[in-house]
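In the text below, chain A, chain B and the rest are named by the order of the sequence lines, each starting its count at 1.
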Protein chains: 2
Amino acid sequence: MTDRDTPETTDSAAARAFSAHDHEACAGEVLARAEAVSAARGARLTPVRRRALEILLEAHRAMGAYEVLDRLSAEGFGKQPPVAYRALDFLVEQGLAHRIARLNAFTACVHPGEAHSAAFLICRACHAVAEAEADPVRVALEAAAGAVGFQVERATVEALGLCPSCREAAAA
Amino acid sequence: MTDRDTPETTDSAAARAFSAHDHEACAGEVLARAEAVSAARGARLTPVRRRALEILLEAHRAMGAYEVLDRLSAEGFGKQPPVAYRALDFLVEQGLAHRIARLNAFTACVHPGEAHSAAFLICRACHAVAEAEADPVRVALEAAAGAVGFQVERATVEALGLCPSCREAAAA
DNA sequence: CCTCGCACGTTATAGAATAACATATCTTGA
DNA sequence: TCAAGATATGTTATTCTATAACGTGCGAGG
Ligand SMILES: [Zn+2]
Ligand SMILES: [Zn+2]
Ligand SMILES: [Zn+2]
Ligand SMILES: [Zn+2]
């Protein structure tokens with residue numbers, strides 16, 4: 001698998017979170033990418049960190065730090081909060097995971113290594129979290145900010161609502 | 001003072017947070033509007049709630065619930081967290097204040113009563129918080145969401161960066 | 001081999017938010 | 001006017017989230 005191909009992967013990433021798909025393969029690909037990115041960068045994806053990422057990758061949703069901690073400690077890693085927070089902070093710094101401010105929780109990045117400003121779509125019914133393409137959103141935000149002389153460095157864009165399946169279910 | 005005039009107030013609201021202005025008058029106007037909106041709606045802006053709003057209106061920044069609580073309790077109101085959280089929750093429900101997810105904090109709405117989707121511009125240096133016009137941002141976000149069948153109900157849009165003054169100071 | 005840097009683990013504490021219950025006040029209709 | 005219900009305020013206790021501070025082990029470079 002080469003490095004900078006299959007842009008199709010990126011384009012469909014958001015949609016996949018809301019539809020049935022071979023998630024085992026999905027998670028496997030992301031993990032492989034994350035490893036490649038880490039290696040290329042000299043960042044050490046140690047056992048706890050890697051396991052934390054795998055846990056986040058189990059589903060397209062966000063997990064609280066303590067939820068991750070419970071999983072890690074059940075597998076022989078440390079039992080105290082800093083264990084989880086350090087692993088998660090590493091993943092966020094490396095762009096392998098994102099923090100969802102609204103939820104005080106974390107979710108695996110679905111296309112690590114690619115520069116992207118993300119917007120998160122959070123289903124209030126099934127709690128699925130999708131990472132949508134946010135470049136146009138970012139542009140609009142920077143325009144609004146620029147109009148008052150504000151320089152945007154980091155943006156938090158999170159939408160709460162209904163995913164396609166839950167929307168359909170609600171309509172029924 | 002009539003109700004639906006001076007659209008100029010709205011337009012300059014975001015900019016004001018980042019520039020010198022007669023803030024006493026600024027806060028007074030917002031408070032008056034908040035009272036009018038509450039009255040029109042039959043919502044009870046009781047003493048604690050009103051005082052909480054006044055405290056938030058003291059500056060264009062966000063305050064944590066416990067910071068508000070300290071101020072309230074020093075003035076004879078209750079000393080326990082629910083006192084602050086309940087007042088703040090009321091203000092948020094009524095659209096008189098907003099919660100800033102990134103900061104776990106609250107800020108007064110600068111144009112209560114007017115329907116608006118807000119984006120917040122948070123200066124990482126002086127901690128000023130401005131409420132910018134976010135309709136174009138909202139449109140872009142809904143487009144991105146719609147592309148994958150997601151229906152946006154509420155959006156959190158927060159930018160971290162430098163306000164004009166701090167940007168200038170940093171460049172020096 | 002030494003040691004410096006980094007990761008990992010711990011204990012302890014800080015910070016943010018809510019559950020559950022008691023009391024008071026306001027509203028409303030008999 | 002007064003009883004009943006709804007709303008608001010206050011309390012105690014607990015839960016959830018996050019970080020500070022410190023000690024230990026290990027691997028790379030001298
Ligand atoms: Zn998947
Ligand atoms: Zn859903
Ligand atoms: Zn002002
Ligand atoms: Zn500033």
Side-chain angles (χ1 to χ4, degrees), chain A residues 34-35 38-39 41-56 61-94 96-107 122 127 156 158 160, chain B residues 35 38-39 41-56 61-94 96-107 122 127 156 158:
Chain A
E35 283 175 335
S38 295
R41 220 180 257 170
R44 296 168 52 186
L45 190 59
T46 60
V48 224
R49 291 165 175 178
R50 190 194 144 104
R51 193 70 195 102
L53 179 56
E54 286 172 2
I55 290 168
L56 291 183
R61 66 180 185 95
M63 289 183 78
Y66 282 76
E67 201 178 345
V68 173
L69 176 61
D70 286 346
R71 300 286 308 274
L72 291 174
S73 64
E75 296 173 23
F77 295 102
K79 299 177 157 41
Q80 305 305 322
V83 169
Y85 280 102
R86 282 196 289 234
L88 292 167
D89 288 348
F90 168 88
L91 296 174
V92 170
E93 272 161 28
Q94 297 299 320
L96 306 179
H98 299 285
R99 150 160 293 203
I100 309 297
R102 266 195 96 97
L103 303 177
N104 291 326
F106 301 82
T107 194
I122 308 164
H127 305 115
T156 298
E158 299 167 5
L160 191 69
Chain B
E35 283 175 335
S38 296
R41 221 180 254 168
R44 295 166 54 186
L45 188 59
T46 60
V48 225
R49 292 167 174 176
R50 190 195 145 106
R51 192 70 195 105
L53 180 56
E54 286 173 1
I55 289 168
L56 291 183
R61 66 183 187 91
M63 288 183 78
Y66 282 76
E67 200 178 345
V68 173
L69 176 60
D70 285 346
R71 299 285 309 274
L72 290 174
S73 65
E75 298 174 22
F77 294 104
K79 299 177 157 41
Q80 305 304 324
V83 169
Y85 280 102
R86 283 197 287 234
L88 292 166
D89 289 348
F90 167 86
L91 296 174
V92 170
E93 272 161 28
Q94 296 299 320
L96 306 180
H98 299 286
R99 146 160 285 178
I100 310 297
R102 267 194 95 98
L103 303 178
N104 292 326
F106 302 82
T107 194
I122 307 164
H127 306 112
T156 298
E158 298 168 5

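Between the CG atom of B:Leu88 and the C1' atom of D:dA8 there is a distance of 15 Å, given to the nearest Å. B:Phe90 has its CZ atom 7 Å from the P atom of D:dA8, to the nearest Å. Residue B:Leu91 contributes atom CG, which lies 12 Å from atom P of D:dA8 at whole-angstrom precision.
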Treating primed atoms plus P, OP1 and OP2 as sugar-phosphate and everything else as base, which nucleotides of nucleotides 10-25 of chain D get B, S or - for protein heavy atoms under 4.0 Å?
BBB----BBBB-----
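Using a 4.5 Å heavy-atom cutoff, the side chains of B:Phe106 and B:Leu91 are not in contact. A:Ile55 places a side-chain heavy atom less than 4.5 Å from the side chain of A:Met63. In this structure, the side chains of B:Arg86 and B:Phe90 stay at 4.5 Å or more apart for every pair of heavy atoms.
Evaluation of the salt bridge (Lys or Arg N to Asp or Glu O under 4.0 Å) rule for A:Arg99 yields no partner, not counting sequence neighbours.
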At a cut-off of 3.5 Å, list every protein nitrogen or oxygen paired with a nitrogen or oxygen from nucleotides 3-6 of chain C, distance to 0.1 Å.
none

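Panel note: side chain A:Arg41, backbone A:Gln94; a donor-acceptor pair is recorded below 3.5 Å. Put simply, the side chain of B:Glu158 gets close to the backbone of B:Arg102: a donor and an acceptor are under 3.5 Å apart.
Distance CG/B:Asp70 to NZ/B:Lys79: 10.5 Å, rounded to 0.5 Å.
Salt bridge present: A:Glu67 and A:Arg61 bring a charged side-chain N and a carboxylate O closer than 4.0 Å.
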